[in-house]
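For reference, the structure discussed in these notes is given below.
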2 protein chains.
Amino acid sequence: MKYQEAKEKFISTWGSLGSLWGINKAMAQIQALLFISTKPLSMEDVMEELKISRGNTSMNLRQLMDWGIVTKVLVSGERKEFFTTEKDVQELARVIAKERSRREIKPVIKVLNEISSIKDDGSEKTKELIKQTKALHNLTKDADAMINKLMDQKQNWLTKSVFKLMK
Amino acid sequence: MKYQEAKEKFISTWGSLGSLWGINKAMAQIQALLFISTKPLSMEDVMEELKISRGNTSMNLRQLMDWGIVTKVLVSGERKEFFTTEKDVQELARVIAKERSRREIKPVIKVLNEISSIKDDGSEKTKELIKQTKALHNLTKDADAMINKLMDQKQNWLTKSVFKLMK
DNA sequence: ATAAACTTTCAATAATTATTGAAAGTTTAA
DNA sequence: TTAAACTTTCAATAATTATTGAAAGTTTAT
C-alpha cells in the first residue's frame with residue numbers, strides 16, 4: 001500500500017466511523033485529514049483534498065472548532081485562515097469524551113432521573129417503570145462518571161495502573 | 001408526571017438516544033417498550049403501542065434478536081409469538097458493549113493496523129501518517145480491551161473495586 | 001473609501017436512511 | 001390438504017440529513 005492509498009483509506013475509514021459516534025462524515029474526514037497533515041491547511045486545501053464544497057467545509061470546520069478539536073492558526077504572510085487539529089490522541093480522546101458527555105449523556109441522565117421520580121401509584125406497571133428507569137439512571141450516571149474520570153487521568157492511564165488492576 | 005406520560009417520555013428519549021449509538025429509532029423504541037413492560041409483548045402489541053407498521057416491527061425485532069437483547073418467548077395457549085428483552089441493565093450493557101466492539105471497533109482496529117504498517121519511504125508525510133495512525137491504533141485497541149474487560153466483570157464493577165481505585 | 005480576498009449563511013437540491021403495506025411465505029389446527 | 005393465523009420480505013415512498021453554490025457578509029490592503 002502506497003502513501004496516497006493509505007491516506008485515502010484512513011480518511012474514509014475515519015469518516016464512516018465518525019457517523020456512528022454522532023458526527024457527520026465530512027466533519028470526521030476533515031478532522032482525519034488534518035490529523036495526518038504535517039502542516040496547517042487552508043479551507044481551499046481541505047476542499048481540494050476532500051472534493052467538498054466551500055459551504056460544507058466552512059460549516060464543518062466551525063463545528064470542529066466548537067468541539068474544541070480544531071483550531072485556527074495564523075500563517076504569517078498569508079491572508080487566509082489555516083486550520084490544525086489536536087495531534088495528541090490522548091488529549092483528543094479526552095476532549096471528545098467530555099463533549100459527548102456534556103451534549104448527549106448528561107441530558108439523558110437528567111430525563112431518566114425525572115422519569116424514575118414519578119409518584120408510585122402502587123400499580124405493577126408503574127413499579128416496573130420506576131425500577132427499570134432507576135436502574136438505567138444509575139448505570140448511565142456511573143458509567144459517565146467513570147469514563148470522565150478515566151479520560152482525565154493525564155498520562156497513559158491505559159497501560160498503567162487502571163488497566164493492570166483489571167487483569 | 002403520570003404513568004402514561006412518563007412511559008412515552010422514556011420511550012422517546014431512549015429512541016433518540018439510540019440513534020446516536022448506532023441503532024435506529026424504531027429499534028431503540030421497541031427495546032425501551034419491552035424494557036418497561038411487565039410481560040412479553042406480541043408484534044401486534046408493539047405495533048399498536050408505537051404506531052409503527054407490521055413490516056417495520058418485524059424487521060426491527062429481528063435486529064434486536066440478532067443483537068441478542070431481545071428473545072422470543074412462547075406463551076402457552078397462544079399461537080402468535082411474544083417478545084421480551086434482557087431486564088438486567090448490567091447484562092444489557094455487557095451485550096451492547098460486546099456487540100459494538102465486534103461490529104464497529106474491531107474492524108477499525110484492523111484497518112488502522114494495516115495503514116500504520118505501510119512501508120516508510122522516508123518522507124515527512126509518510127512518517128506522520130504512520131506515527132498518527134499507530135497512535136490511534138494503540139489508543140483504540142487499548143480502550144476496546146478495557147471496556148470489554150470492564151463489562152465482563154460480573155457484579156457491579158462500578159460501585160466496587162474499579163471505581164474506587166480511580167478516585 | 002474602494003475593491004479584492006476571503007468566509008459565512010441559507011434556500012434549494014441531492015443523497016441517504018427509515019417506513020409502509022401488500023404480496024409471498026410459513027406454521028398450525030382441524 | 002386446506003385454510004386461517006401469523007410472519008417475513010421488499011419495492012415503493014416518505015422522512016431525514018447532508019451538500020451545494022451563489023449571494024451576502026467581513027476583513028484587509030492600498
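These numbers were taken from a predicted model, which means no experiment stands behind them. Per chain, numbering begins at 1; letters A, B, ... match sequence-line order.
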Side-chain donor-acceptor distances from residues 6-17 of chain A under 3.5 Å, at least two apart:
from, atom 1, to, atom 2, distance (Å)
A/K7, NZ, A/E49, OE1, 3.2
A/K7, NZ, A/E49, OE2, 3.1
A/E8, OE2, A/Q4, NE2, 3.0
A/K9, NZ, B/E114, OE1, 3.0
A/T13, OG1, A/K9, O, 2.7
A/W14, NE1, A/Q31, OE1, 3.1
A/S16, OG, A/S12, O, 3.1
A/S16, OG, A/T13, O, 3.2

Inset, instruction - Shoot me the first and last contacting nucleotide of DNA chain C against chain A, ordered 5' to 3', at under 4.0 angstrom to non-hydrogen atoms. - result: C/dA4 to C/dC10
Inset, instruction - Please list, chain by chain and in numerical order, all residues satisfying side-chain contact (heavy atoms from CB on, under 4.5 Å) with A/K106, sequence neighbours excluded. - result: A/S101, A/D144, A/N148
Legend entry - side chain to side chain donor-acceptor pair (under 3.5 Å) partners of A/K131, counting only residues at least two apart: none
Legend entry - salt bridge (charged side-chain N to carboxylate O under 4.0 Å, His left out) against B/K127, all qualifying residues, sequence neighbours excluded: B/D120
Polar atoms only, N or O, under 3.5 Å: list the protein pairs with nucleotides 28-30 of chain D and their distances.
none

Inset, instruction - Using a 4.0 Å heavy-atom cut-off across all strands, classify A/N56 as base, sugar-phosphate, or nothing. - result: base
Inset, instruction - Any chance you could encode DNA chain D as dot-bracket? Rule is Watson-Crick or G-U wobble with both distances under 3.5 Å; [ ] for pairs crossing earlier ones, | for another strand. - result: ||||||||||||||||||||||||||||||
Counting only pairs under 3.5 Å, give me each side-chain donor-acceptor contact of residues 57-79 of chain A, with atom names and distances, residues two or more places apart or in other chains.
from, atom 1, to, atom 2, distance (Å)
A/T57, OG1, A/S53, O, 2.7
A/N60, ND2, A/N24, OD1, 3.4
A/K72, NZ, A/E81, OE2, 2.8

Legend entry - Nearest-0.5 Å distance that lies between atom CD1 in B/I118 and atom OG1 in B/T133: 7.0 Å
Legend entry - A/E104: salt bridge (charged side-chain N to carboxylate O under 4.0 Å, His left out) partners, not counting sequence neighbours: A/R100
Legend entry - Pairwise 5' ranking along DNA chain C for B/K25 and A/G55, keeping only the more 5' one: A/G55
Inset, instruction - Would you indicate what B/E44 reaches in the nucleic acid, counting non-hydrogen atoms under 4.0 angstrom: base, sugar-phosphate, or nothing? - result: nothing
Inset, instruction - Would you kindly compare A/N24 and A/R54 by the position of their nearest DNA chain D nucleotide and give the one closer to the 5′ end? - result: A/N24
Hey, can you pull the donor-acceptor pairs under 3.5 Å for the side chains in residues 32-39 of chain A, sequence neighbours left out?
from, atom 1, to, atom 2, distance (Å)
A/S37, OG, A/K39, N, 3.3
A/S37, OG, A/K39, O, 2.5

Inset, instruction - Name the nucleic acid region contacted by B/R62, choosing base, sugar-phosphate or nothing; use a 4.0 angstrom heavy-atom cut-off, strictly under. - result: sugar-phosphate
Legend entry - Contacts of type side-chain contact (heavy atoms from CB on, under 4.5 Å), residue A/K134, not counting sequence neighbours: A/S116, A/I130
Inset, instruction - Using side chain to side chain donor-acceptor pair (under 3.5 Å) as the criterion, list what pairs up with B/S117, not counting sequence neighbours. - result: none
Inset, instruction - Please tell me which of A/S53 and B/E78 maps to the more 5' nucleotide of DNA chain D, matching each residue to the nucleotide holding its nearest heavy atom. - result: B/E78
Legend entry - A/E99/A/R102 salt bridge by N-O under 4.0 Å criterion: yes
